[in-house]
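What's counted below: heavy atoms across the whole structure, side chains too, no hydrogens, waters or symmetry copies. In the text below, chain A, chain B and the rest are named by the order of the sequence lines, each starting its count at 1.
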Amino acid sequence: MTRLSGYLLPTEREPPADAEAVSHKLMVRAGLIRQVGAGLWSWLPAGWRVHQRAVGIVREEIDAIGAQEMLMPVMHPAEVWRRTGRYGIDELFKLQDRRGADLVLAMTHEEIVTLHVAQVVRSYRDLPFVLYHFSIKERDEPRPRAGVLRTREFIMKDSYSFDRDLEGLHASYDRHFDAYARIFERCGLEWYACESDVGMMGGFGAHEFMAPCAAGENEVALADGYAANVEVASADAQPVELPAPRDAPEPVETPGMTTVEQVSGALGVPPGALLKAFPVVVDGRGLVMTVVRGDHRVNEVKLRNALGAEFRPARPEEVAESIGPGGFIGPVGTDVPILLDDAVAPGGYVTGANEADRHLRGVEPERDFAFERADVRRVEAGDTVGGRAIRLEAAIEVGNIFKLGTRFSEPLGATYLDEAGAEQPIWMGSYGIGPARIAAAAVEQSADEAGIAWPRALAPFDVELVVLGKEGSDERAAADGLYDELTSLGLDVLYDDRDAGPGDKFADAELLGCPLRLTLGRRGLEAGELEVQLRRGREKRTVPLDGAAEAVAELWRAVP
RNA sequence: CGGGGAGUGGCGCAGCCUGGUAGCGCAUCCGGCUGGGGGCCGGAAGGUCGCAGGUUCAAAUCCUGUCUCCCCGACCA
């Protein structure tokens with residue numbers, strides 16, 4: 001029984017002044033969420049229904065692959081996190097209890113779930129299995145943003161697979177991949193899976209499930225049959241026309257020209273005919289000069305992976321001391337090791353001369369400087385993969401799956417005895433999904449000028465019934481009856497029985513965005529008709545009042 | 001962490017420069033009209049101007065400090 005007259009659905013005509021993202025504006029305006037602090041949000045009743053619908057779909061599909069639901073606490077002793085070396089993570093909230101014992105608030109639950117498994121699993125006969133829970137995650141994000149798209153506290157479904165070997169892990173991973181595909185499909189999202197960075201945790205492979213939308217924080221490189229986070233994407237660069245070769249590098253005066261644009265403009269060569277130096281200080285190795293084409297940019301994730309170590313950009317004084325004046329540095333005549341990007345084809349380039357106000361032209365890799373090769377540049381729109389041009393698209397990460405390997409089982413002693421009685425580490429995978437992001441992504445993808453147009457599976461209610469007519473009128477009586485019939489057919493109905501004008505009711509209904517809006521007023525009652533608006537596209541049609549409930553149920557089943 | 005912006009009634013804003021009775025639209029409450037796209041008339045309630053300190057006869061307004069929030073970037077296993 002959901003009558004709007006008694007339901008907390010505080011809609012707003014205006015979005016919050018500082019909101020940018022569509023989902024942020026609309027979810028607040030529609031009365032779904034309210035802000036408590038930076039990255040901290042309450043879900044109001046209608047919003048929580050959406051969230052729980054997403055949760056329900058996730059639960060069904062994860063149950064369907066044989067995973068077992070449980071619940072683990074949000075607050076953990078710091079000790080476990082120290083053991084896995086994750087206590088130092090900046091995003092980890094740390095606190096103390098009254099006795100001064102260190103505690104953390106969980107970002108995820110690898111530590112705790114592995115601890116349990118370490119205590120319980122003895123034999124290969126106990127494996128494999130998958131555990132999961134829905135629980136609150138806490139992350140001290142440097143910058144929460146965009147409503148519920150990036151928050152400091154959120155609910156996540158995280159599952160963990162436990163297998164005896166890598167082969168088993170692959171199988172568990174594949175099952176999750178398929179389950180995730182079904183989940184996002186059922187949620188009515190536009191989505192794709194893409195290769196992603198395995199990060200500092202190492203690991204044996206990872207995918208991110210991306211929902212394209214303007215407010216997305218990730219950039220994805222897409223081509224036919226190819227999808228990868230730009231963090232890891234590789235592609236063939238667009239060729240660049242190089243000037244005629246020279247026998248040796250030749251100095252050229254470039255007073256005050258410290259940018260690629262200035263130099264390429266002054267020398268009349270394309271930016272891609274320059275080499276750009278990006279000096280970094282690598283942990284345990286010192287200064288390294290990364291060199292990419294002038295029209296390319298260094299991708300720091302790829303660079304970190306190529307170096308196999310953390311690094312930081314070199315400070316200006318370090319550059320000045322060891323290489324040359326800022327803005328004029330280059331790979332020729334320096335003893336700093338050079339890491340040359342794969343996209344730099346053979347030929348003569350313009351580079352810094354390591355002297356103020358001077359560049360060199362006709363610089364050829366190999367002939368003029370020694371180097372190591374690696375793919376460290378960020379892909380650009382128009383690059384190709386297998387001959388197909390890629391485009392870059394913003395997307396929000398709605399799920400991720402990760403082959404952990406033995407990253408957690410080893411430090412926490414999660415082992416089993418194999419058939420030969422030998423102790424072996426358990427192979428793990430971890431798999432996350434954020435229902436709040438599913439909801440926000442659905443809003444981002446479906447919204448129009450009138451508000452939200454929920455996919456059927458996520459809508460807070462299946463239909464919204466708008467009655468136009470005072471209490472005690474015939475319209476009301478008819479609407480009351482229709483409401484009961486719809487409910488008895490199993491539909492979730494929001495009944496707008498408020499004493500408000502039609503404009504208010506229509507506007508609110510379209511803002512909230514249930515798939516079907518039913519309107520019953522005097523006009524329709526006299527004609528024996530019920531108006532049905534399909535929210536997506538806002539197309540209106542009528543069905544006979546006689547048998548209207550069944551007709552509505554049928555329309556609802558056909559809606560996307 | 002760097003840069004930029006903002007805190008004035010539930011929401012959106014003006015007022016601040018040039019100190020002197022705190023204002024507008026929407027929403028809310030009461031009465032009436034209206035009843036198929038945020039309608040109309042009349043009446044009413046609601047604000048320690050983020051917080052602390054200072055200057056002044058007098059501070060939303062000037063000064064200092066502080067907290068919070070937002071945006072861009074960095075960052076985000």
Side-chain angles (χ1 to χ4, degrees), chain A residues 8 10-21 24-25 28-29 31 34-41 81 84-92 106-111 137 139-147 149-152 154 158 196-203 206 208 215 217-218 229 231 300-301 304-305 310 312-313 396-397 400-405 407-408 428 430 432 449-451 466-476 496 498-511 517-527 529-531 533 538 540 542:
Chain A
L8 185 72
T11 57
E12 297 287 347
R13 194 180 291 224
E14 308 261 7
D18 41 31
E20 288 292 321
H24 181 185
K25 291 179 185 171
V28 172
R29 283 191 57 210
R34 284 276 159 134
Q35 185 167 21
V36 174
L40 302 171
W41 291 84
W81 287 72
T84 58
R86 298 169 98 200
Y87 187 69
I89 293 176
D90 287 337
E91 282 70 33
L92 186 65
M107 311 171 54
T108 60
H109 284 76
E110 280 87 359
E111 277 80 0
K137 300 291 177 275
R139 296 184 186 181
D140 194 359
E141 294 286 351
R143 186 153 110 77
R145 59 177 289 277
L149 238 28
R150 179 162 215 95
T151 56
R152 292 195 290 178
F154 60 97
D158 39 328
S196 67
D197 183 34
V198 292
M200 287 313 283
M201 289 203 338
E208 289 165 334
E217 303 187 288
N218 296 91
N229 194 315
E231 287 179 351
E300 301 199 3
V301 173
R304 186 188 68 202
N305 291 338
E310 285 294 333
R312 61 171 173 81
I396 184 72
E397 180 186 346
N400 70 292
I401 58 178
F402 200 103
K403 291 176 183 172
L404 289 171
R407 163 72 179 81
F408 290 91
M428 293 175 55
S430 81
E449 61 287 348
V466 171
V467 62
L468 304 177
K470 278 200 251 264
E471 217 174 323
S473 64
D474 293 343
E475 300 91 285
R476 284 286 176 131
D496 190 350
R498 294 175 301 172
D499 182 22
D504 293 304
K505 294 190 173 191
F506 292 148
D508 274 353
E510 285 169 3
L511 179 58
R517 184 192 77 195
L518 314 180
T519 308
L520 189 49
R522 190 196 301 160
R523 226 163 61 184
L525 194 59
E526 283 169 357
E529 286 178 337
L530 175 71
E531 181 195 286
Q533 185 209 46
R538 301 166 78 193
K540 290 178 198 169
T542 56

**Asked** Can you check whether A:R150 has a side-chain N or O nearer than 4.0 Å to OP1 or OP2 of B:C75?
**Response** no
**Request:** Determine the Euclidean distance between corresponding P atoms of B:G31 and B:C67; express it in Å to zero decimal places.
**Result:** 49 Å
**Prompt:** Which nucleotide in the set B:G38, B:G35, B:C69 lies at the smallest distance from any side-chain heavy atom of A:A507?
**Reply:** B:G38
**Asked** Mind checking the P distance from B:A22 to B:U48? Whole angstroms is fine.
**Response** 12 Å
**Separation of B:C75 C1' from A:E231 CD (nearest whole Å)** = 11 Å
**Prompt:** A:D508 near the nucleic acid: base, sugar-phosphate alone, or nothing, with a heavy-atom cut-off under 4.0 Å?
**Reply:** base
**Asked** According to a strict under-4.0 Å criterion, is A:R143 in side-chain N/O contact with OP1 or OP2 of B:C72?
**Response** yes
**Prompt:** Rounded to whole angstroms, how far apart are CZ on A:R34 and C1' on B:C69?
**Reply:** 16 Å
**Request:** Determine the interatomic distance between P on B:G46 and the same-named atom on B:G53; round to the nearest Å.
**Result:** 27 Å
**Request:** May I ask you to say what A:G469 touches in the nucleic acid, namely base, sugar-phosphate or nothing, with a heavy-atom cut-off under 4.0 Å?
**Result:** nothing
**Message:** Please report the distance separating the C1' of B:A59 from the corresponding atom of B:G3, rounded so that it comes out in whole Å.
**Reply:** 31 Å
**Message:** I'd like to know if A:K137 and A:D158 make a salt bridge, using a cut-off of under 4.0 Å between side-chain N and carboxylate O.
**Reply:** yes
**Request:** Please report, rounded to the nearest Å, how far the P atom of B:G35 is from the CG atom of A:D496.
**Result:** 19 Å
**Asked** Taking atom CZ of A:R476 as the centre, does the number of heavy atoms from other residues, nucleotides or ligands within less than 6.0 Å exceed 12?
**Response** yes
**Message:** Suppose you measure atom P in B:G9 against the same atom in B:A60; what distance do you get, rounded to whole Å?
**Reply:** 14 Å
**Fill in**
From the candidates B:G38, B:G12, B:C75, the one with an atom nearest any side-chain atom of A:R13 is B:G38
**Request:** Calculate the interatomic distance between A:E14 atom CD and B:G12 atom P; express it in whole Å.
**Result:** 8 Å
**Asked** Do A:E231 and A:R304 sit within salt-bridge range, that is, some charged N less than 4.0 Å from a carboxylate O?
**Response** no
**Prompt:** Within less than 4.0 Å of OP1 or OP2 of B:G37, is there a side-chain N or O belonging to A:Q533?
**Reply:** no
**Request:** Check every strand shown and say whether A:R29 touches a base, only sugar-phosphate, or nothing at a heavy-atom separation below 4.0 Å.
**Result:** base
